[in-house]
Amino acid sequence: MKLRGLLVLAALTVVAAVAFLSLRSAVTPQLPVEPVTIAVPNLINSATMIVATTQGLFQKAGVEVASKPAPLGKDALQSVIDGKADLAVVADTPLMFAILGGHELAVVAGISQNRRSLAIVTRNDRGIRQIEDLSGKSVGLSMGTNLTYFLDMILQNHGVPSDNVKLVDLSTEEVISAFKEGRIDAAVVFQPNLIRLTAEMGDRIKLFYGEDVYSFRFLLAGKASYVDSHPQEIRRILKGLVAAEQSIRNHPTEARLAVGNAVGVDDTIMSKIFHPGDHVIFLDQSMLLALDDQSRWAVQRGLVNAGPVPNYLDILRYEHLEAAHPSAVKLAL
């Protein structure tokens with residue numbers, strides 16, 4: 001009898017516990033996950049975003065993502081600043097300019113990085129055989145992007161004063177046409193336009209990559225207020241991006257075709273410039289150092305008002321990536 005009584009008491013305890021948990025769940029339900037709009041440059045370096053979208057990896061992670069196309073990272077970030085997107089894929093330089101301009105932004109992850117996405121392209125018929133020959137020449141590029149910083153770092157590395165070069169601010173399409181038509185002497189160009197120019201102009205041009213002085217990074221960022229108030233959405237997006245990184249690594253041909261189709265680049269070109277190892281999800285110390293360096297450069301060049309360089313660790317919301325993919329966070333905290 002005593003044993004039967006104990007069993008009955010245990011059963012009633014279990015029933016009561018289940019009822020309590022059910023009541024608690026009903027009283028404090030999980031907050032719904034909101035759809036997220038991400039402004040994404042229509043570029044190869046956005047590969048993890050493209051793969052996560054086309055392969056349904058965001059949905060599998062439990063979040064609905066709408067991609068808002070943008071020509072460049074600075075345009076994507078402007079969509080966030082204007083309230084037309086929740087997050088943006090952007091290079092570090094436009095992000096730095098926006099932060100120094102007073103915008104409160106936060107970074108949740110890097111989504112790609114490599115050292116051969118950009119190059120200075122020069123025309124041989126203008127007597128340009130080396131970087132030093134750019135002194136007194138015109139160089140076309142899109143201002144307010146990482147292209148300006150990239151150019152300055154290469155010039156500095158070769159002892160050419162930045163003021164000795166005439167910058168011509170043009171859209172991407174205008175840069176290419178102006179260069180081919182000879183209206184500018186050189187240009188700062190990114191892939192796939194680099195390989196297209198090489199195929200079209202051959203030995204009439206030279207390319208200077210500058211991989212020893214610059215690494216191209218794309219970051220996922222948004223207003224700090226949005227990132228801090230939407231932790232569920234941020235972590236699920238990162239989970240989808242980590243799955244995209246794995247998909248690119250495990251099925252590179254499938255990923256390459258998806259990215260090429262999305263950005264309108266033929267696979268004969270994509271096969272030469274698409275490198276799975278470039279498309280990784282990360283937060284590391286080199287990102288902080290790059291933002292510091294670019295801030296000092298912007299102040300020295302008079303591109304922003306003089307003032308103290310921010311502590312860029314304060315804009316990193318690394319806890320979200322730590323939750324989604326701990327080994328991707330490599331910061332000296």
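Computed from a predicted structure; not experimentally measured.
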Would you call [X] and [Y] a side-chain contact if the rule is heavy atoms closer than 4.5 Å?
X      : Y      : answer
Arg296 : Val309 : yes
Asn146 : Leu118 : yes
Val165 : Leu167 : yes
Arg123 : Ile184 : no
Thr172 : Phe190 : yes
Val265 : Arg196 : yes
His275 : Arg116 : no
Met49  : Phe58  : yes

For the pair [X] (side chain) and [Y] (backbone), establish whether a donor and an acceptor sit closer than 3.5 Å, ignoring hydrogens and angles.
X      : Y      : answer
Asp75  : Leu72  : yes
Asp284 : Met287 : yes
Arg249 : Val280 : no
Arg129 : Asn124 : yes
Gln191 : Ile195 : yes
Ser46  : Pro41  : yes
Ser177 : Glu174 : yes
Arg183 : Lys180 : no

[atom1] of [X] to [atom2] of [Y]: how many Å apart, nearest 0.5 Å?
X      : Y      : atom1 : atom2 : result
Glu233 : Ile237 : CD    : CD1   : 7.5 Å
Leu238 : Leu283 : CG    : CG    : 8.5 Å
Asn114 : Glu211 : CG    : CD    : 10.5 Å
Ile248 : His251 : CD1   : NE2   : 11.5 Å
Asp266 : Ser271 : CG    : OG    : 8.5 Å
Leu141 : Leu151 : CG    : CG    : 6.5 Å

Heavy-atom pair with the smallest gap, counting every atom of [X] and [Y]:
X      : Y      : answer
Arg256 : Met270 : O-CE, 3.6 Å
Ile269 : Pro192 : CG2-CB, 4.1 Å
Arg217 : Gln113 : NE-OE1, 3.7 Å
Glu245 : Ile281 : OE1-N, 3.0 Å
Ile50  : Ala258 : CG2-O, 4.1 Å
Val80  : Gly222 : CG1-CA, 4.1 Å

Applying a strict under-4.5 Å side-chain criterion to I, L, V, M, F, W and Y, I'd like to know whether [X] and [Y] cluster together.
X      : Y      : answer
Ile205 : Ile273 : no
Leu155 : Met143 : yes
Val160 : Tyr214 : yes
Val168 : Phe150 : no
Val33  : Val108 : yes

If only side-chain N and O atoms count, and only distance matters, is there a donor-acceptor pair under 3.5 Å linking [Y] with [X]?
X      : Y      : result
Asn45  : Ser117 : yes
Gln78  : Asp82  : yes
Thr148 : Arg301 : no

Next item on the list: Mind running side-chain contact (heavy atoms from CB on, under 4.5 Å) on Leu134 and Ile154 for me, showing each step along the way?
Entry: CA-CA 11 Å; Leu134 284 173; Ile154 294 183; over 6 Å; no

Next item on the list: Take Lys206 and Ile128, measure what side-chain contact (heavy atoms from CB on, under 4.5 Å) needs, and give me the verdict at the end.
Entry: CA-CA 8 Å; Lys206 287 188 181 299; Ile128 304 173; over 6 Å; no

Margin query: Apply side-chain contact (heavy atoms from CB on, under 4.5 Å) to residues Asn193 and Val121 and explain how you reach the verdict.
Written below: CA-CA 10 Å; Asn193 294 319; Val121 186; over 6 Å; no

Item checked: Within 6.0 Å of NZ in Lys239, more than 12 heavy atoms from elsewhere -> no

Check: Going by the ring pair (Phe, Tyr, Trp, His ring centres under 6.0 Å) test, which pairs reach into residues 290-333, not counting sequence neighbours?
Finding: Tyr149-Trp297

Checklist line | Stepwise salt bridge (charged side-chain N to carboxylate O under 4.0 Å, His left out) test for Arg204 and Asp125 | finding: CA-CA 7 Å; Arg204 291 179 289 161; Asp125 61 3; over 6 Å; no

Check: Which class fits the ring pair His230 and Tyr226: parallel under 30°, tilted 30 to 60°, perpendicular over 60°?
Finding: parallel

Which pairs of donor and acceptor atoms, one on a side chain in residues 85-107, lie under 3.5 Å apart (sequence neighbours left out)?
unit_1: Asp86; atom_1: OD2; unit_2: Thr37; atom_2: N; d: 2.8
unit_1: Asp92; atom_1: OD1; unit_2: Gln294; atom_2: NE2; d: 3.3
unit_1: Asp92; atom_1: OD2; unit_2: Gln294; atom_2: NE2; d: 3.2
unit_1: Thr93; atom_1: OG1; unit_2: Gln294; atom_2: OE1; d: 2.6

Checklist line | All salt bridge (charged side-chain N to carboxylate O under 4.0 Å, His left out) counterparts of Asp212, not counting sequence neighbours | finding: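 If we apply the salt bridge (charged side-chain N to carboxylate O under 4.0 Å, His left out) test to Asp212, skipping adjacent residues, there are no hits.
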
Item checked: side-chain contact (heavy atoms from CB on, under 4.5 Å) evaluation trace for Lys137 with Lys166 -> CA-CA 6 Å; Lys137 305 296 185 182; Lys166 179 186 177 183; over 6 Å; no

